Amino acid sequence: MLDPFTQRRYIAMLLELRTEHRDLDAAIEVFIRNRPDDELGIKRLKKRKLKIKDQISVLENLLIPDLNA
């Protein structure tokens, strides 16, 4: 069980990461539309988005108690 301070901090981080993930989604669409030949740039943005998704999953797992415990 997380203490209240840590839990609030993780929730704030989670909200920031979700916002960044959503913003990257929009940025990727614009990037593809404006620079479709820049495959490296597109890959970098998608890789960053995937990394954020992984961080979101970690935080969600820390915040959601294990039901089998």
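Just so it is clear, the model here is predicted, and its values are computed rather than measured. For reference, positions follow the sequence shown, starting with 1.
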Taking salt bridge (Lys or Arg N to Asp or Glu O under 4.0 Å) as the definition, give me every residue that meets it alongside [X], ordered by chain and number, with sequence neighbours left out.
X: R48; result: E20
X: D54; result: none
X: R18; result: E60

Residue pairs fulfilling side chain to side chain donor-acceptor pair (under 3.5 Å) with at least one residue in residues 27-41, sequence neighbours excluded
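Non-adjacent pairs meeting side chain to side chain donor-acceptor pair (under 3.5 Å): R35-D38.
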
Under 4.5 Å side-chain heavy-atom separation, chaining through any Ile, Leu, Val, Met, Phe, Trp or Tyr, what else clusters with M13? Say none if it is isolated.
L2, Y10, I11, L14, L15, L17, L24, I28, F31, I32, I42, L45, I52, I56, V58, L59, L62, L63

Those residues at least two apart in sequence (or on a different chain) that pass side-chain contact (heavy atoms from CB on, under 4.5 Å) with T19 are R22, D23

Got a sec, which pairs hit salt bridge (charged side-chain N to carboxylate O under 4.0 Å, His left out) with one end in residues 3-13, sequence neighbours left out?
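Every candidate salt bridge (charged side-chain N to carboxylate O under 4.0 Å, His left out) pair involving residues 3-13 fails, so no pair, neighbours aside, qualifies.
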
With sequence neighbours excluded, residues passing side chain to side chain donor-acceptor pair (under 3.5 Å) with S57
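Here no residue qualifies.
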
Please report the interatomic distance NE2(H21) to NZ(K49), rounded to the nearest 0.5 Å.
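Interatomic distance, H21 NE2 to K49 NZ, rounded to 0.5 Å: 4.5 Å.
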
